[in-house]
Each structure stands twice: as structure tokens, then as C-alpha cells.
Amino acid sequence: MTWFVRTGSGEAVRVIVDGAPLEARAGESVATALLAAGHRSFARNPASGAPNGTYCLIGQCFGCLCTIDGRPQSQACLTPVAEGMVVETGEQVGTGDD
Amino acid sequence: MTEPVDLAVIGAGPAGLAAATTAAAHGLTVLLLDEQAEPGGQVWRQAERILGADSSGLGKVAASYGGAREAVAALRQSALDYRPGATVFDVSPDLRLSWLQREADGGGTRHAIREGAAKALILATGAMERPLPFPGWTLPGVMGVGALQTALKVGGLRPGSEGLVLAGQGPLLLLYLAQIAALGGRAAAILDLAPPGRMTAAFPGLPQAFFGDPRTMIRGFGLLLRRALSGARIYRGVTRLAALGDESLEHLSFESGGRRHELPCSLLGVHDGVIPSTQVSRLLGLEHRWHDERQCFEPLCDPDGRSSDAWVWIAGDGGGVEGADLATLRGTLAALKAAEHLGRLPTAESEKAAAPLRARRARQQRARAFLDRLYAPVPLENHLTDDTPICRCEGVTTAAVRQAVDQGAGGPNRVKTFTRCGMGPCQGRFCGPSLVRLIAAETGQPPDETGALRIRPPLKPILLGDYLEAEPEL
Ligand code: FES
């Protein structure tokens with residue numbers, strides 16, 4: 001089942017996610033760029049080992065933590081994408097449309 | 001150290017924008033700090049992009065951006081000091097503010113700790129979705145409806161094909177359904193989590209609500225009609241909701257109409273209304289009161305939004321949820337009173353401007369009272385099981401919380417020490433509200449007595465490297 005589809009249009013911005021290029025949309029957050037690419041979880045919860053869920057997308061739940069431009073524990077939902085930005089996720093879950 | 005500005009405003013949603021621009025128009029020096037990269041807060045998220053978008057695409061979402069164009073234009077024309085990308089992590093009682101400033105730096109992003117001081121403060125930190133814990137709510141694929149709406153506004157993401165189910169209640173859920181429908185999306189099913197009899201209970205307030213705020217009410221009934229026509233299968237009086245899946249959501253199980261149901265589902269939007277974000281008001285030690293009908297704490301404020309600290313006002317949903325229309329009004333009101341308090345606006349003038357605003361607010365609040373009753377929070381016990389995590393960060397379960405209470409933890413801070421509930425990175429934002437309700441149910445004590453989780457700086461985790469790179473303002 002398709003997770004999300006893109007609507008509307010926007011300027012393209014290229015970011016690098018786990019070493020691979022990903023086309024994002026100017027103005028969006030790293031979190032929505034990853035969700036659009038089919039990443040369901042960006043890291044595992046250190047307490048439970050279960051995959052984190054991006055519950056809120058407004059900076060409250062901390063379920064979107066990943067490493068952005070070398071900065072660990074970054075909130076992907078609060079970080080706008082930028083050309084050439086390097087994003088590293090933890091163990092990924094459900095990447096791609098399945 | 002810098003000279004303090006007259007007024008600091010935290011949050012650039014409807015309330016914060018109105019507060020900051022009104023204060024600046026009265027000659028105050030204003031510092032406006034906002035965590036987002038663009039003005040508008042959550043309700044007018046990406047206002048400038050959405051309002052400029054093609055009306056066949058994302059521009060369709062702009063219908064819910066009434067007032068945004070004027071508010072953002074006022075910001076852009078104002079000389080006030082607006083800092084987007086500013087995450088406030090500490091505010092001292094003498095109104096010194098510390099924040100982590102994110103800025104673009106060549107191709108990358110840079111973070112620096114900044115500091116400032118203010119004579120008066122307006123908190124316009126808005127609201128968050130009320131956490132509704134149920135088995136499996138931590139699985140990837142379970143998201144707040146507000147989060148789904150944010151994904152739509154920010155990235156143009158709408159759910160694909162048949163995978164979406166919406167569970168919960170309230171205006172935001174209905175609005176989101178209408179927004180995705182306009183863009184060719186749909187929900188396969190809607191699980192109405194409202195217990196039966198709510199409409200009957202709220203009904204006597206309907207005429208007053210229509211009289212007080214006809215626009216909101218007509219909009220609401222329009223959305224209910226759109227839900228009926230949306231083609232989604234509606235299950236009513238749903239209880240015992242559970243999200244199931246291995247590494248992410250695969251299906252749902254729930255009871256409705258006396259039967260157990262199972263549905264395949266890859267994306268679940270959950271919504272049970274919104275509650276004030278009180279991290280900063282708690283950090284400042286302002287007085288709060290439990291609102292029994294809304295089942296949440298709200299900062300104690302006078303009708304103009306002034307808190308228990310004479311130099312701090314709270315504007316918009318952060319001071320009690322009343323919606324975007326009233327947030328603008330409350331921001332204006334708080335700014336007028338702050339200007340008066342700073343001796344920059346004669347009392348007679350501020351009163352003349354404030355009186356009609358107070359009257360309009362009192363009238364529109366009648367619709368809010370109706371909505372509060374109609375969409376009273378879903379009882380926690382309808383869905384909780386012993387092993388449901390209350391705390392998403394630390395995985396602390398209902399049973400663990402109940403056990404701590406049995407062993408004598410009579411309030412949230414004791415439960416936190418016993419169980420680690422609230423010790424994770426979200427610092428109690430997601431477990432705190434449910435924890436208070438659970439403790440009240442277990443002990444029979446009113447939340448005003450048992451209290452809330454204590455909030456300490458930093459409000460958001462700060463890295464050691466940020467301190468090393470600290471560049472206090474000169
Ligand atoms: S998704 Fe909740 S903090 Fe980013």
C-alpha cells in the first residue's frame with residue numbers, strides 16, 4: 001500500500017539520506033521528505049528497541065530524531081531541508097512503497 | 001549584556017503575530033521568537049507558500065487560512081525583531097531568554113545559543129493534540145491527525161490509496177477529511193471514538209452557540225455533512241482500539257456495535273482535540289488550573305490573558321483552547337495591556353480598544369462551550385490496557401503507573417521517580433497529560449491537588465557542542 005503521495009508542486013531540493021540522493025521539496029521538513037520517500041521510522045527507541053513513530057510532526061514527541069548534517073538527536077520535523085543536506089537515519093523501517 | 005527589549009513574544013502563530021505586530025505598532029521594541037522556519041504557527045503553517053499556491057493544488061488548503069494574509073503582511077512590514085528557527089530552552093523569572101538559533105550557513109545549517117532579556121513577555125506557544133494512548137499507538141504509521149495535516153501543508157503529502165483510517169473526534173479531524181477530499185484523497189474508514197449520548201448532552205447549548213459564533217457553527221455543520229458524503233465507512237461508539245503490526249502498522253482491531261472488528265490499515269490518524277502547550281508557563285512557575293470539562297491544565301489568566309505573573313501574558317490556545325479566530329483577538333488584547341503596563345499606552349486608550357475585543361470574545365466563547373461538551377475527551381479507560389505505554393519515550397505502561405500509585409506515589413513527580421515516566425527526550429509533553437488523568441482516576445484526588453510534572457530547563461535537549469559554540473548577543 002502506498003504510504004503518502006505528493007500533491008501540489010514546489011521547487012526541488014536535493015538531500016543525501018543514508019548516502020543516497022533524495023529529491024525533496026523546498027520549504028518542507030526533513031521529516032516529510034523522509035515520509036514521502038517511504039521511511040516509516042527514522043530510528044529505534046533506545047529504551048524499548050522498537051521503531052520510533054513520527055507522531056506529531058510539530059516538535060513535541062521526539063519520534064523523528066535522526067542525525068542531520070552531523071548533528072545527532074536532531075528533530076527532523078523542525079528542520080527544513082536544504083540543498084546538499086546530509087541526513088542519517090538509524091535502522092530504517094519499511095523503506096520504499098511496499 | 002544587551003538592554004532588555006520592551007516585549008518578547010514566543011510563538012509566531014495567529015496569537016503571537018497579532019501580539020508582536022500590535023505591540024510594535026504602539027512603539028514597543030519587540031523580539032519575536034519562533035521555532036518554525038516560517039511564520040503562521042500550526043494553523044497557518046507555511047502561510048506564505050500556501051496562500052501563494054495554485055488554487056487547483058495545495059491552494060485548496062488556503063480556505064482555512066482566514067486572516068493569515070493580513071497577519072503575515074503586518075509582520076513583514078513591521079520593524080520588530082523576528083527570529084524564526086529559534087527554539088527557546090530557558091526563560092528565567094526575571095525574563096531572560098535563552099534559545100537555540102538555527103540558521104542557514106552556506107550549504108549547511110548552524111546552531112548557536114543566543115540570549116536576550118525582556119521587560120514583559122507574551123507566551124503564544126499554542127496547543128498540541130491531546131495524547132490518546134491505546135495499544136500499539138507507538139507503532140510507525142500511527143500519527144496525530146494534526147501531524148497528517150502538517151504533512152499536507154508542509155510537504156503536500158496526502159495519504160495514498162486505501163490505507164488511511166481516522167480515529168477520534170473533533171473539528172480538526174473533520175477539516176482534515178475535507179482537505180484531503182479536495183485533493184483527491186479519502187479515508188477508508190472513520191472510527192468515532194466519542195461515547196454515545198454526547199450530542200444529546202451538548203444539544204441544549206446549541207442555540208447559544210449559533211448566536212455566539214454562527215460562522216464557526218455553520219462551518220462545523222458543513223464539515224459534518226462532508227464527512228457523511230465522504231464515502232468513508234463510519235463506525236460509532238468505538239472502544240478497545242488497538243493498532244497491530246510487526247515493525248509498523250498493519251491492521252486495527254476495535255469494538256463497535258457490540259462486535260469486534262478488524263481492518264487492514266497502514267496509516268492511522270488519531271485525534272481527540274487539542275490542549276494548551278504549557279512547557280514555558282510551567283517552567284516560569286505560573287499558576288495553572290485543571291479544566292474538568294477539557295481534562296487539561298490551563299494557565300490561570302485574567303480576561304486579557306495576564307497570568308499570575310504581572311509581566312507575563314498568555315495569548316491564544318496556550319492559555320486555553322479557543323481556536324485561531326480568537327487567538328488573533330487574544331494576541332491583540334494582550335499586547336494592548338502589555339503596552340499599558342509598560343506605560344506606553346494610556347489606560348483610557350487601551351481600555352477603549354480592549355472593551356469591544358472582550359465582548360466579541362465572550363460571545364464567541366459560547367460556541368466553544370458547546371464544542372467542549374460535544375467533543376469532551378475520550379475516556380482513557382475505553383482503550384487502555386495494562387501494557388499500553390503511557391510514556392512513548394520510556395515505554396512506561398499503565399500497569400507500571402498504577403503500581404507506583406498503589407505503592408504511594410500520589411502525584412506525577414513521584415510516579416516519574418518510581419517509573420521513569422516523563423524522563424525521556426519529550427520531557428513529559430506526551431505522557432504528562434495522560435499521567436495526570438490516570439492518577440486522578442486511581443487516587444480520586446482532583447488534579448489541582450496532585451499537580452503536574454515539574455518542568456526544568458533546558459526545555460529541549462541541548463548538545464554540549466552548542467554550549468561550546470555559544471555566542472551570547474552583545
Ligand atoms: S515528529 Fe514529533 S517531534 Fe518530530
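By convention in this document, chain letters (A, B, ...) are assigned in the order of the sequence lines, proteins followed by strands, and residues within each chain are numbered from 1.
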Exercise for review: Please look at Arg25(A) and chain B and tell me whether the side chain, the backbone, both or neither of the residue comes under 4.5 angstrom of a heavy atom of that chain.
Suggested key: side chain
Review point. Ser48(A), Cys56(A), Gly70(A), Gly59(A): which one forms the most heavy-atom pairs within less than 4.5 Å of chain B?
Key: Cys56(A)
Check your understanding: Salt bridge or not for Glu11(A) and Arg49(B), using N-O below 4.0 Å?
Key -> no
Check your understanding: Could you state the interatomic distance from OG1 (Thr87(B)) to CH2 (Trp99(B)), rounded to the nearest 0.5 Å?
Key -> 11.5 Å
Check your understanding: Taking the side chain as C-beta and beyond, is there a heavy-atom pair between Phe4(A) and Leu267(B) under 4.5 Å?
Key -> yes
Exercise for review: Dump the intermediate steps for side chain to side chain donor-acceptor pair (under 3.5 Å) on Gln36(B) and Arg45(B), then the final yes or no.
Suggested key: CA-CA 9 Å; Gln36(B) 305 294 341; Arg45(B) 189 74 188 242; 3.0 Å; yes
Check your understanding: Is Pro14(B) close to Val43(B) at the side-chain level, that is, under 4.5 Å between some pair of heavy atoms?
Key -> yes
Exercise for review: Side chain from CB out, backbone as N, CA, C, O: work out which of these in Gln46(B) comes under 4.5 Å of a heavy atom of chain A, or both, or neither.
Suggested key: side chain
Practice item. Measure Gln427(B) against the heavy atoms of chain A and call it side chain, backbone, both or neither at under 4.5 Å. Key: neither
Check your understanding: Can you say whether Leu459(B) sits under 4.5 Å from chain A via the side chain, the backbone, both, or neither, judging by heavy atoms?
Key -> neither
Review point. So which of Glu35(B), Arg429(B), Arg158(B) has the biggest tally of heavy-atom pairs under 4.5 Å with chain A?
Key: Arg158(B)
Exercise for review: Under 4.5 Å heavy-atom distance to chain B, tell me which part of Pro72(A) shows up: side chain, backbone, both or neither.
Suggested key: both
Exercise for review: Would you mind checking which part of Ala151(B) comes under 4.5 Å of any heavy atom in chain A, side chain (CB onward), backbone (N, CA, C, O), both or neither?
Suggested key: both
Practice item. Measure distances from Asn52(A) to the heavy atoms of chain B and classify the residue's part below 4.5 Å as side chain, backbone, both or neither. Key: backbone
Review point. What part of Arg102(B) lies closer than 4.5 angstrom to a heavy atom of chain A: side chain, backbone, both or neither?
Key: side chain
Study note, to complete from the structure: In terms of heavy-atom pairs under 4.5 Å with chain A, the winner among Pro425(B), Ser277(B), Gly424(B), Gly395(B) is Pro425(B)
Review point. Just checking, is any N or O donor in the side chain of Lys460(B) or Gln75(A) under 3.5 Å from an acceptor N or O on the other one?
Key: yes
Exercise for review: Could you check if a side-chain atom of Pro51(A) sits within less than 4.5 angstrom of a side-chain atom of Phe42(A), using non-hydrogen atoms only?
Suggested key: no
Exercise for review: Flag the pair Val270(B) / Val145(B) as yes when at least one side-chain heavy-atom distance between them is below 4.5 Å, and no otherwise.
Suggested key: no
Exercise for review: Answer with yes or no after comparing the ring centroid distance for Phe430(B) and Tyr55(A) against a 6.0 Å cut-off, counting only values under it.
Suggested key: yes
Review point. Side-chain donor-acceptor pair under 3.5 Å between His271(B) and Glu129(B), yes or no?
Key: yes
Practice item. Apply salt bridge (Lys or Arg N to Asp or Glu O under 4.0 Å) to Arg71(A) and list each qualifying residue two or more places apart in sequence or on a separate chain. Key: Asp466(B)
Point to revise | Residue, of Ala50(A), Gly8(A), Ala24(A), Cys61(A), that accumulates the most heavy atom pairs under 4.5 Å with chain B | key: Cys61(A)
Review point. Under the side chain to side chain donor-acceptor pair (under 3.5 Å) criterion, do Asp18(A) and Thr89(A) qualify, and how do the steps go?
Key: CA-CA 7 Å; Asp18(A) 298 324; Thr89(A) 68; 2.7 Å; yes
Point to revise | Proximal to chain B - members of residues 27-34 of chain A, heavy-atom separation under 4.5 Å | key: Gly27(A), Glu28(A), Ser29(A), Thr32(A)
